[in-house]
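Given the structure is predicted, the values throughout are model-derived calculations rather than measurements. Proteins come first, then strands; the chains are lettered A, B, ... in the order of their sequence lines, and each starts at number 1.
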Amino acid sequence: GESVGLHLPTLSVQEGDNSIINCAYSNSASDYFIWYKQESGKGPQFIIDIRSNMDKRQGQRVTVLLNKTVKHLSLQIAATQPGDSAVYFCAELYGGATNKLIFGTGTLLAVQP
Amino acid sequence: DAGVIQSPRHEVTEMGQEVTLRCKPISGHNSLFWYRQTMMRGLELLIYFNNNVPIDDSGMPEDRFSAKMPNASFSTLKIQPSEPRDSAVYFCASSFPPGTDEQYFGPGTRLTVT
């Protein structure tokens with residue numbers, strides 16, 4: 001039979017523009033969130049994290065925003081470069097006695113030169 | 001540090017054969033995770049260990065799958081017998097909570113079962 005794969009949301013941006021990737025998480029009790037970047041043929045790579053007692057955290061060219069009211073997370077990439085092209089995953093840690101990360105389905109970022 | 005090491009990087013096997021995937025976590029990390037990634041289901045947690053003890057294996061799909069961690073520097077994921085639907089990329093990751101909850105991923109093993 002025909003296989004049906006995940007249809008990754010795709011964000012296409014021009015080089016130099018800012019990118020915003022969004023993620024909705026599932027558990028209101030989650031207290032830690034991570035954004036990962038996965039390039040083709042490689043494992044996920046940590047980009048930035050944020051704890052639930054914060055609503056914003058900045059890194060180098062990246063900013064993560066957390067809105068706990070609506071369970072929403074976003075990753076902003078400034079001055080997007082071709083090397084930023086990858087699949088981006090958000091992950092939430094349920095907390096408590098577990099250190100189990102739950103990953104979202106991912107967003108494909110395509111940077112056009 | 002060399003990071004998380006996985007072997008083999010690629011494995012092609014026939015249906016019914018036993019497959020063993022190997023992982024060496026980052027030295028000093030006390031949590032180890034096995035994930036499976038497919039186009040259909042995305043990235044799924046199969047099992048994780050804390051201090052070599054399996055904590056949550058609810059993601060292990062069937063009895064054909066088993067994982068061991070005999071010591072702090074080595075873990076295996078075994079599939080016996082393998083089936084074509086097991087074809088996927090299998091990732092190992094490690095972390096050192098509570099110092100950090102960040103998980104460091106290995107390069108993955110691409111498994112193809114024909």
Side-chain angles (χ1 to χ4, degrees), chain A residues 1-10 23-27 29-54 57 59 62 64 66 73 86-108, chain B residues 2-7 9-10 21 23-26 29-51 53-60 84-85 87-110:
Chain A
E2 182 180 355
S3 64
V4 179
L6 278 175
H7 293 284
L8 284 178
T10 299
C23 175
Y25 63 93
S26 58
N27 188 348
S30 294
D31 56 9
Y32 178 66
F33 305 88
I34 306 179
W35 279 100
Y36 280 92
K37 172 186 180 182
Q38 186 176 22
E39 296 173 282
S40 180
K42 298 182 179 180
Q45 179 184 14
F46 172 90
I47 301 174
I48 191 168
D49 60 0
I50 189 168
R51 299 228 172 248
S52 59
N53 60 351
M54 303 173 68
R57 188 157 190 236
V62 294
V64 56
L66 174 63
L73 201 61
V87 176
Y88 290 80
F89 294 94
C90 66
E92 60 183 301
L93 186 73
Y94 277 11
T98 178
N99 56 343
K100 180 176 177 177
L101 274 179
I102 304 298
F103 283 79
T105 53
T107 296
L108 174 63
Chain B
V4 175
I5 299 172
Q6 291 186 248
S7 65
R9 294 295 309 278
H10 301 273
L21 311 181
C23 175
K24 176 178 166 52
I26 292 173
H29 283 193
N30 62 349
S31 291
L32 182 141
F33 307 79
W34 282 102
Y35 289 88
R36 177 173 68 176
Q37 188 174 41
T38 62
M39 283 302 296
M40 289 189 66
R41 300 175 68 90
L43 195 62
E44 304 172 275
L45 177 66
L46 300 177
I47 185 172
Y48 80 91
F49 297 82
N50 275 355
N51 296 316
V53 176
I55 301 301
D56 185 339
D57 65 354
S58 59
M60 295 286 263
R85 61 191 167 124
S87 297
V89 180
Y90 291 82
F91 289 103
C92 177
S94 69
S95 69
F96 182 57
T100 174
D101 292 308
E102 176 190 345
Q103 293 179 18
Y104 295 78
F105 281 76
T109 295
R110 180 173 294 277

Peer 1: Please identify each residue that fulfils side chain to side chain donor-acceptor pair (under 3.5 Å) with W34(B), with sequence neighbours left out.
Peer 2: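 Here the qualifying residues are S75(B).
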Peer 1: Within the 3.5 Å criterion, strictly below it, is a donor on Y36(A) or E102(B) matched to an acceptor on the partner's side chain?
Peer 2: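 Judged by distance alone, the side chains do not pair up.
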Peer 1: For S58(B), is it the side chain, the backbone, both, or neither that has a heavy atom closer than 4.5 Å to a heavy atom of chain A?
Peer 2: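 Only the side chain of S58(B) comes within 4.5 Å of chain A.
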Peer 1: If I measure from the heavy atoms of chain B, does Q45(A) come under 4.5 Å with its side chain, its backbone, both, or neither?
Peer 2: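 Contact with chain B is absent: no heavy atom of Q45(A) under 4.5 Å.
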Peer 1: Has R57(A) got a side-chain atom pairing as donor or acceptor with D49(A)'s backbone, closer than 3.5 angstrom?
Peer 2: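 Yes; judged by distance alone, with no hydrogens or angles, the pair exists.
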Peer 1: Quick one: does Q6(B)'s side chain have a donor or acceptor within less than 3.5 Å of a partner on Y90(B)'s backbone?
Peer 2: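 Yes; judged by distance alone, with no hydrogens or angles, the pair exists.
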Peer 1: Identify, with sequence neighbours excluded, every residue that meets side chain to side chain contact (heavy atoms under 4.5 Å, CB included) alongside N27(A).
Peer 2: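 So N27(A) forms a side chain to side chain contact (heavy atoms under 4.5 Å, CB included) with A29(A), S30(A), E92(A), Y94(A).
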Peer 1: For chain B, which candidate among G41(A), G104(A), A91(A), G43(A) shows the most heavy-atom pairs at distances under 4.5 Å?
Peer 2: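 Sorted descending by pairs with chain B, the first entry is G43(A).
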Peer 1: Tell me, for Q37(B) versus chain A, whether the close heavy atoms (under 4.5 Å) come from the side chain, the backbone, both or neither.
Peer 2: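 The side chain, not the backbone.
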Peer 1: Under a 4.5 Å heavy-atom cut-off, does chain A meet the side chain of R110(B), its backbone, both or neither?
Peer 2: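 Neither part; nothing is under 4.5 Å.
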